[in-house]
Student: 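Take this structure first; my questions come after.
Nothing fancy with the numbering, it's 1 onward along the sequence. What you see is a predicted model, and the numbers here were worked out from it, not measured in a lab.
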Amino acid sequence: MRAHSGRFTGGTGVVVDRAPELRPGSVWVEFSPGHARLVPGYRLDVVEPED
């Protein structure tokens, strides 16, 4: 995923979990190993992994 707005703009990471009960539409994104952040889904775009 790539963040296109907000605090993590331009950051790419992997979705590791969803949090519908905490914030509907939000997901936990790991931008660096071991550091997952809760990000609203509307701020994310799908990107293909680099080889």
Side-chain angles (χ1 to χ4, degrees):
M1 304 304 289
R2 176 175 288 129
H4 60 75
S5 65
R7 179 176 171 189
F8 302 106
T9 299
T12 58
V14 177
V15 173
V16 293
D17 200 1
R18 296 183 323 126
E21 68 286 343
L22 184 59
R23 284 190 177 167
S26 293
V27 293
W28 287 99
V29 178
E30 195 169 79
F31 289 104
S32 60
H35 294 93
R37 302 289 188 240
L38 187 63
V39 182
Y42 67 87
R43 294 186 182 213
L44 298 170
D45 291 322
V46 175
V47 292
E48 295 296 322
E50 296 179 8
D51 291 332

Student: Going from CG on Asp17 to CG on Leu38, what distance comes out if it is rounded to the nearest 0.5 angstrom?
Tutor: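 That separation rounds to 9.5 Å.
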Student: I need the minimum non-hydrogen distance between Arg43 and Ser5, along with the two atoms involved.
Tutor: CG-OG, 3.3 Å
Student: Which ILVMFWY residues are connected to Phe8, directly or by a chain of links, through side-chain heavy atoms under 4.5 Å apart?
Tutor: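 Phe8 shares its hydrophobic cluster with Met1, Val15, Val27, Val29, Phe31, Val39, Leu44, Val46.
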Student: Shortest non-hydrogen contact from Ser26 to Pro40?
Tutor: OG-CA, 3.6 Å
